[in-house]
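Read through the structure below, which is laid out as structure tokens, and then see the notes.
Note that this is a predicted model, so its numbers are computed, not measured. Just so we're on the same page: letters track the sequence lines, and every chain starts at 1.
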2 protein chains.
Amino acid sequence: MLVTVDLASALPLFEQLVAGIRAQIIAGELRAGERLPAARELAASLELNVHTVLRAYQVLRDEGFIDLRRGRGAVVAHRAGDYAQLGREIDRVVVEARKLGLTPNALTALIRKAFE
Amino acid sequence: MLVTVDLASALPLFEQLVAGIRAQIIAGELRAGERLPAARELAASLELNVHTVLRAYQVLRDEGFIDLRRGRGAVVAHRAGDYAQLGREIDRVVVEARKLGLTPNALTALIRKAFE
DNA sequence: TACTTGTTCTAGCTGAACTAGATCAAGTAG
DNA sequence: CTACTTGATCTAGTTCAGCTAGAACAAGTA
């Protein structure tokens with residue numbers, strides 16, 4: 001599993017981990033039942049604190065993307081739904097936003113408002 | 001102009017101001033040339049610090065939504081583009097995300113990645 | 001039984017966000 | 001010219017989220 005982290009980014013480290021792993025699950029690069037590296041292991045390879053990785057794992061669990069159990073580790077959950085259509089919709093909204101010269105922040109803020 | 005702020009929100013106050021005003025400009029509720037309240041004035045009515053409002057105004061200026069000049073205040077900028085299509089695309093992507101049980105955070109993270 | 005691995009707790013550090021007050025500079029209005 | 005308005009800039013103190021660190025605990029595995 002390939003996940004990278006940017007210390008200079010404005011996004012919190014645990015959010016970067018969440019985003020990276022979540023994107024891979026949605027893209028099908030990580031399949032249901034597949035096991036993620038142990039938190040201590042991933043933390044060591046990324047030179048992060050265990051707590052940071054664990055927090056990311058807990059967010060992914062809360063969102064339903066993985067299952068966590070002591071002794072067994074983190075496993076990609078079985079999740080219903082086809083993400084292909086979502087990907088196409090996302091591409092379209094990004095194209096439209098770019099056309100209007102919106103910043104990523106502006107677009108995501110608008111979407112967050114529409115989500116309420 | 002109606003803008004509200006939620007002290008309990010995880011979003012920074014200045015971001016909430018930016019999002020609120022930006023949304024009104026895009027929705028056409030605030031028109032090009034129209035003047036926003038003076039920073040000191042808006043700060044007083046929302047019980048915020050002037051610096052917080054000024055920061056929001058500066059973000060909106062950086063994004064091209066308003067013009068700022070000393071003595072004259074903040075004025076909605078003339079901006080090309082039709083936002084109706086964007087609104088429809090946003091609605092579609094939100095519907096799709098809801099269908100898949102995604103959280104707002106998950107959706108915005110995916111969009112941010114697609115924007116890169 | 002020994003090991004793995006997530007869970008929980010305490011604790012300290014850092015930087016962003018917010019507030020506060022003061023001063024400056026560009027523009028407006030009399 | 002003068003007084004007022006209003007954004008720009010600077011310093012400074014407080015609070016809180018994020019990150020790190022270390023330890024002990026509990027559920028599961030071999």
[Y] side chain reached by [X] side chain, heavy atoms, under 4.5 Å:
| X | Y | result |
| --- | --- | --- |
| A/V75 | A/L36 | no |
| A/L86 | B/L110 | yes |
| A/R92 | B/R92 | yes |
| B/Q24 | B/V3 | yes |
| A/L7 | A/L13 | yes |

Nucleotides 24-30 of chain D: protein proximity per nucleotide (B base, S sugar-phosphate only, - neither; heavy atom, under 4.0 Å): B-BBS--

Between atom [atom1] of [X] and atom [atom2] of [Y], what is the distance when rounded to the nearest 0.5 Å?
| X | Y | atom1 | atom2 | value |
| --- | --- | --- | --- | --- |
| A/E15 | A/R22 | CD | CZ | 7.0 Å |
| A/I66 | A/I25 | CD1 | CD1 | 6.5 Å |
| B/E96 | A/I90 | CD | CD1 | 9.5 Å |
| A/L11 | A/L17 | CG | CG | 11.0 Å |
| B/L102 | B/L107 | CG | CG | 6.5 Å |
| B/F65 | A/T103 | CZ | OG1 | 7.0 Å |

Between C1' on D/dC19 and CG on A/L46, what's the gap in Å once rounded to a whole number?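 So the two atoms are 14 Å apart, to the nearest Å.
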
Quick one: does any side-chain atom of A/R98 pair with a main-chain N or O of B/F115 as donor and acceptor, under 3.5 Å?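 Here the side-chain-to-backbone pair exists.
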
May I ask you to decide if A/A32's main-chain N or O and A/R79's side chain share a donor-acceptor pair within less than 3.5 Å?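 Looks like no, no N/O pair under 3.5 Å.
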
Taking all heavy atoms of A/N105 and all of B/R112, pick out the closest pair and write down the distance.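 What the structure gives for the nearest pair is OD1-NH2, 3.2 Å.
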
Would you grab the first and last nucleotide of DNA chain C (5' to 3') that comes under 4.0 Å of any non-hydrogen atom in chain B?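 In short, chain B contacts DNA chain C from C/dA17 to C/dG27.
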
Using the closest heavy atom to pick a nucleotide of DNA chain D for each, name whichever of B/H51 or B/A39 lands nearer the 5' end.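 Checking each residue's closest nucleotide, the 5'-ward one belongs to B/A39.
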
Tell me which donor-acceptor pairs under 3.5 Å the side chains of residues 47-59 of chain A have, and how far apart each pair is, sequence neighbours excluded?
unit_1	atom_1	unit_2	atom_2	d
A/N49	OD1	A/H51	N	2.9
A/Y57	OH	A/P37	O	2.6

Taking only heavy atoms on the protein side, list every residue of residues 5-17 of chain A lying under 4.0 Å from any atom of DNA chain C, sorted numerically.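 Of all residues in residues 5-17 of chain A, none places a heavy atom under 4.0 Å from DNA chain C.
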
Would you jot down, in residue-number order, the residues of residues 54-68 of chain B having a non-hydrogen atom under 4.0 Å from DNA chain C?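 Close to the strand are B/R55.
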
To the nearest 10 degrees, how far apart in direction are the end axes of the helix from C/dT1-D/dA30 to C/dG30-D/dC1, each fit to five base pairs?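 Answer for the end axes of this duplex: 30°.
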
If you compare every side-chain N and O of A/T52 against the phosphate oxygens of D/dG18 (OP1, OP2), does one of them come in below 4.0 Å?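 The answer is no; no side-chain N or O of A/T52 sits under 4.0 Å from OP1 or OP2.
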
